[in-house]
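Scroll down for the structure; my scribbles are underneath it.
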Number of protein chains: 2
Amino acid sequence: MSIRHAILGFLSWKPFTGYELKKLFADSSSFYWSGNSNQIYGCLIQLHKEGAVTSEIQLQERYPARKVYAITESGREKLRAWLLAQPELPEIKDHFHIQLSWSEPLSQTEVDGLFAAYEALLGNQVLMSREAARRGNPKPGRSARESLIWKHIEDGRLASLESELAWARKLRSALAELKKGAGALTEGAGEGGR
Amino acid sequence: MSIRHAILGFLSWKPFTGYELKKLFADSSSFYWSGNSNQIYGCLIQLHKEGAVTSEIQLQERYPARKVYAITESGREKLRAWLLAQPELPEIKDHFHIQLSWSEPLSQTEVDGLFAAYEALLGNQVLMSREAARRGNPKPGRSARESLIWKHIEDGRLASLESELAWARKLRSALAELKKGAGALTEGAGEGGR
DNA sequence: CAAAGCATGTAAGCAGTTACATGATTGT
DNA sequence: ACAATCATGTAACTGCTTACATGCTTTG
């Protein structure tokens, strides 16, 4: 799966300029690409070469000219073919989990600091996602089905963020419990050691 | 975060050959890299140049010679610096969610087929993860803390797979309900969309 | 006798990233 | 005066992927 499909997806909803697509990607977390110009503009040029999109130049008075891209019949066929392709599993890169995996040389205090930072990051993300959901970024709503799907995807993302936060809190307090137990038995030994 | 840190992590546990590391990555889903030779061997050569690891050639009778890599003090410092770096959010690429986002041109039957395939894929993954957890792949257990962390990470992965499966099932049946409702009112219209 | 395992490495390519280049216009 | 918005594009780089190359040994 590459960004080409997602761009075709957006254009199957309605025409956009590269600049608009860039923002759509940058503002969305489900569509996880960064929205860098290189990729968007490059991709649009290529799709145009392949005949999947048409581009119309619109001159404007006070702003630079813009190229509005629209999907073609052939583009819709390409999109359809991809939509029917074999689903793939989600790809998850849990950077923090890997960091934790090798945290043995760190002290309990240092590990606790990592948790604090991670939980703050997640908490922030939860708030921002909730706010974004409340504001409601632009999305198609061409049918009840489509709206239902988009709603569930949004809810699912929030839920998974929240459950990751709960996971981190639980592990953190389990580690604190462990420390307390060990401290009672060995009088503060086991800090920083292997 | 790149694979260099994860390799240093493994070597901070105990010495390994490139071939062994390759398998460790290939067999693990938490350490999400594919475990291709190019990256592993290339990375080890580079780490050796930087003085983060030493390599000892072990000749064997019936098998090719192997290079056993061990971490150096400087390597441990590099690892420690990375361990204390600012945590990062998980990166999630929900390929299937994006596919679903643009599924408007598909029929209800086609969408349902996608769900069936996705649920089968996830179900499989859940079984394989459970089996892998039962078998228990090689992992360090240098302290109660380390074991607790690894256990929670494993459990967390399973839980998130299971909740994704539950999410898919819920959305699928919500879509079926929607279809039923619409069918009752409009007598089978609304199939195939715009 | 073929396939899989042991073991190290190289080549070619892809999808993505940040940073740069240009230049008018509008808001603080 | 400075930054942000509108708008399109290019350059250099990174991290990762599949596939290839070699060759011996063990297992089915």
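The chains referred to below are lettered A, B, ... by the order of the sequence lines, with proteins before strands, and numbering in each begins at 1.
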Tell me, which pairs form a salt bridge (charged side-chain N to carboxylate O under 4.0 Å, His left out) where one or both residues lie in residues 91-102 of chain A, sequence neighbours left out?
-> D94(A)-R157(B)
Please, which pairs that meet salt bridge (charged side-chain N to carboxylate O under 4.0 Å, His left out) have at least one residue in residues 27-45 of chain A, sequence neighbours excluded?
-> none
Can you tell me the distance, in whole Å, between the [atom1] atom of [X] and the [atom2] atom of [N]?
{"X": "D27(A)", "N": "dT5(D)", "atom1": "CG", "atom2": "C1'", "answer": "13 Å"}
{"X": "I7(A)", "N": "dA15(C)", "atom1": "CD1", "atom2": "P", "answer": "12 Å"}
{"X": "I40(A)", "N": "dT17(C)", "atom1": "CD1", "atom2": "C1'", "answer": "13 Å"}
{"X": "R4(B)", "N": "dC16(D)", "atom1": "CZ", "atom2": "C1'", "answer": "15 Å"}
{"X": "Q60(A)", "N": "dT5(D)", "atom1": "CD", "atom2": "P", "answer": "17 Å"}
{"X": "Q46(B)", "N": "dG9(C)", "atom1": "CD", "atom2": "C1'", "answer": "16 Å"}

Taking only residues at least two apart or on different chains, which pairs with a member in residues 68-93 of chain B satisfy ring pair (Phe, Tyr, Trp, His ring centres under 6.0 Å)?
-> H5(B)-W82(B)
Quick one: which of dT8(C), dG16(C), dT8(D) gets closest to the side chain of K67(A)?
-> dT8(D)
Against the side chain of Y69(A), the closest entry in dG5(C), dG9(D), dT5(D) is dG9(D)
Hydrophobic cluster of [X], others only, ordered by chain and residue number, side-chain cut-off 4.5 Å:
{"X": "I92(B)", "result": "I92(A)"}
{"X": "Y63(A)", "result": "none"}
{"X": "Y41(A)", "result": "Y19(A)"}
{"X": "L127(A)", "result": "none"}

Walking DNA chain C from its 5' end, the first of V68(B) and G35(A) to be reached, judged by nearest nucleotide, is V68(B)
Could you tell me whether the phosphate oxygens of dC16(D), OP1 or OP2, come under 4.0 Å of any side-chain nitrogen or oxygen in S34(B)?
-> no
Can you find a side chain N or O atom of W33(B) that sits less than 4.0 Å from OP1 or OP2 on dC16(D)?
-> yes
With axes from five pairs an end, tell me the bend angle of the helix from dC1(C)-dG28(D) to dT28(C)-dA1(D), nearest 10°.
-> 40°
Side chain Q99(B), main chain A85(A), donor-acceptor under 3.5 Å = yes
Scan nucleotides 19-28 of chain D against the protein and return all N/O pairs shorter than 3.5 Å with their distances rounded to 0.1 Å.
{"unit_1": "dT26(D)", "atom_1": "OP1", "unit_2": "R62(B)", "atom_2": "NE", "d": "3.4"}
{"unit_1": "dT26(D)", "atom_1": "OP1", "unit_2": "R62(B)", "atom_2": "NH1", "d": "3.1"}

Lys/Arg-Asp/Glu bridge criterion (N-O < 4.0 Å) met for E177(A), K180(A) | yes
Strand-adjacent residues in residues 87-94 of chain B, judged by heavy atoms under 4.0 Å from DNA chain D = none
Residues 160-171 of chain A vs side-chain hydrogen bond (donor to acceptor under 3.5 Å, both in side chains), sequence neighbours excluded, gives H97(A)-E164(A), Y118(A)-E164(A), R130(A)-E162(A)
Qualifying residues under salt bridge (Lys or Arg N to Asp or Glu O under 4.0 Å), relative to D112(A), sequence neighbours excluded = R172(A)
